[in-house]
Amino acid sequence: MEWNTNGLLPLEWFRKMRTESPVVATEGNEAWHVFKYEDVKAVFTNYEVFSSQGSSSSEEPIESSILRQDPPKHRQLRKLVSHAFTPRMIESLAPKIQEITSSLLDEAEKKGRIDIVADLASPLPITVIAEMLGVSMEDRERFKAWSDALVGDDGDAYYQCQREMSEYFAEIAEDRRQHPQDDLITKLVEARIDNEHLTDIEIIGFCILLLVAGNETTTNLISSAVLAIDSLSEVRSELLADRSLIPGALEEVFRYFSPVQTMFRRVKEDTVLRGQELKQGQIVNIWMVSANHDEDIFEQPDVFNIHRNPNPHLGLGSGIHYCLGSQLARMESRIAIETLLDRFPEYRRDRSVELERMDSRMMFALKELPIILR
């Protein structure tokens, strides 16, 4: 069904850019925007020409994370934490994820309503990743505020949250050196690459990335899925009749909404993309949300179709930077949606509250999504 999302997604504008200006320079030719699927995928995967590395500033720990590294450093860093995200490790978290989800919905049931963003989609993944890292759940609200600042459009908040997170995780890392525990931060502190320990800024960068990436993508996936089910009656009917359709529905949410809308790369050497000359040092903004609606790849791209197969969306990236926590995000979201439908099959959105996106070009994130449960 073609879906009018009330301006939440500027699909018409993306269609226009794909048609008329698929690779276009910003004013002053300092940066480029890329909108077509094949071009976005090419920039994602060709790390020899398009680098993930941004600023070399030692002030920003996120610049030392795997998100901002190319091989071989990227490969080394990713290997350090990949053990925590193996299929077996993720599956072992299922009972805990179910327990957290049920507890959150128990609280909501007492009130008869819930803000899906604040009371389910946000606390669920934050709780899981905080336990994996080994940090206190008492700081959950701080984690959420930091996550929002890191993906938001306020530059001052972006730098301030990194300073605060640096102090927070540096203190925990130092404690783990003295008192090791069975958690990810201890493993990062003890890890070695080429017989050398990670630097403090690399450890902090890892923690920041895992906390934010382990939160924002899943939060936005769950809230967008809840919105889709409420907005499209035939989707709700199909999912209520057959829960095995939920994974496919979530893949369509990844495609249609693209929780991560855009990322950037830096040109490492002069190159040509779709006839345009890109110069070394220029920034390339790759629009996954536009790529995921490319009519050359997806039949009827603006139709929300939970049976879409194949569905080669770029909602989780591509190539070496494909999302490390993709299986965890899928499982958390599947359990959340299954449990919500099992307990409150007739839930409905409170339409007296207008839908609003958060101020973030990078993410598709709803500010709130109030739901009446019965």
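Since the model is a prediction, treat every value here as computed from it, not as a measurement.
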Expected output: side-chain [X] to main-chain [Y] donor-acceptor under 3.5 Å:
X      : Y      : answer
Arg236 : Tyr347 : yes
Asn215 : Leu211 : no
Glu277 : Leu273 : no
Gln280 : Asp270 : no
Ser231 : Leu227 : yes
Arg176 : Gly134 : yes
Thr339 : Ala336 : no
Glu216 : Met363 : no
Ser51  : Gln53  : yes
Ser21  : Met17  : no

To the nearest 0.5 Å, what is the distance between [atom1] ([X]) and [atom2] ([Y])?
X      : Y      : atom1 : atom2 : value
Leu250 : Leu245 : CG    : CG    : 11.0 Å
Ser52  : Phe44  : OG    : CZ    : 8.5 Å
Glu99  : Leu93  : CD    : CG    : 12.0 Å
Leu120 : Ile100 : CG    : CD1   : 11.0 Å
Ile306 : Ile246 : CD1   : CD1   : 9.0 Å
Leu328 : Ser333 : CG    : OG    : 9.0 Å

Can you confirm whether [X] is buried at [atom1], in the sense that more than 12 heavy atoms of other residues, nucleotides or ligands lie under 6.0 Å from that atom?
X      : atom1 : value
His307 : NE2   : yes
Glu141 : CD    : no
Lys41  : NZ    : no
Arg351 : CZ    : yes
Asp242 : CG    : yes
Glu356 : CD    : yes

**OP:** Tell me, with the steps shown, if His293 and Tyr37 meet ring-ring contact (aromatic ring centres under 6.0 Å, His included).
**Re:** CA-CA 8 Å; His293 286 264; Tyr37 182 98; over 10 Å; no

Look at the rings of [X] and [Y] and say which category their plane angle falls in: under 30° parallel, 30 to 60° tilted, over 60° perpendicular.
X      : Y      : answer
Trp146 : Phe169 : tilted
Phe35  : Phe14  : tilted
His33  : Trp287 : tilted

Is the shortest side-chain heavy-atom distance between [X] and [Y] below 4.5 Å?
X      : Y      : result
Leu316 : Arg330 : yes
Thr219 : Pro125 : yes
Leu8   : Phe364 : yes
Arg265 : Asn46  : no
Glu251 : His313 : yes
Gln300 : Asn305 : no
Arg349 : Ile116 : no
Leu341 : Ile229 : yes

In terms of hydrophobic clusters joined by side-chain contacts under 4.5 Å, are [X] and [Y] together?
X      : Y      : value
Phe257 : Leu232 : yes
Val24  : Trp32  : yes
Tyr322 : Phe206 : yes

Subject >> Among Arg192, Arg68, Lys73, salt bridge (charged side-chain N to carboxylate O under 4.0 Å, His left out) partner for Glu202 >> reply: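 Output: one option passes, namely Lys73.
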
Original post:
Within 45° of the axis and under 6.0 Å from the centre of the six-membered ring of Phe298, does NZ or CZ of Arg308 qualify?
Top reply: no

List the atom of [X], the atom of [Y], and the distance in Å for their closest heavy-atom pair.
X      : Y      : result
Leu314 : Ala291 : CD1-CB, 4.0 Å
Pro259 : Val253 : CD-O, 4.4 Å
Leu77  : Ser64  : CD1-O, 3.9 Å
Pro312 : Ile297 : CG-CG2, 4.1 Å

**OP:** State which residue, out of Arg78, Gln327, Met132, fulfils the side-chain contact (heavy atoms from CB on, under 4.5 Å) condition with Phe85.
**Re:** Met132

**OP:** Measure centre to centre between the rings of Phe50 and Phe264, then say whether the value is under 6.0 Å.
**Re:**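 No; Phe264 has its ring centre 6.0 Å or more from that of Phe50.
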
Original post:
Tyr47 and His74: aromatic ring centres closer than 6.0 Å?
Top reply: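 Between His74 and Tyr47, which both carry aromatic rings, the centre distance is not below 6.0 Å.
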
**OP:** Go through the steps for Glu12 and Arg15 under the test salt bridge (charged side-chain N to carboxylate O under 4.0 Å, His left out), then give the verdict.
**Re:** CA-CA 5 Å; Glu12 191 61 45; Arg15 186 183 301 118; 2.3 Å; yes

Salt bridge check: are [X] and [Y] linked by an N-O gap of less than 4.0 Å?
X      : Y      : result
Lys96  : Glu131 : yes
Arg361 : Asp153 : no
Arg18  : Glu295 : yes
Lys110 : Asp106 : no
Arg348 : Asp230 : no
Arg177 : Glu174 : yes
Glu48  : Lys268 : no

Original post:
Could you walk me through whether Arg374 and Glu109 pass the salt bridge (charged side-chain N to carboxylate O under 4.0 Å, His left out) check?
Top reply: CA-CA 9 Å; Arg374 296 194 189 281; Glu109 187 169 23; 2.7 Å; yes

**OP:** Report the C-alpha separation of Asp183 and Lys187 in whole Å, then their side-chain angles, then the decisive distance to 0.1 Å, and conclude whether the salt bridge (charged side-chain N to carboxylate O under 4.0 Å, His left out) test is met.
**Re:** CA-CA 7 Å; Asp183 58 36; Lys187 289 181 172 64; over 6 Å; no

**OP:** Go through Asp139 and Tyr168 one step at a time and tell me if the side chain to side chain donor-acceptor pair (under 3.5 Å) criterion holds.
**Re:** CA-CA 10 Å; Asp139 298 316; Tyr168 180 84; 2.8 Å; yes

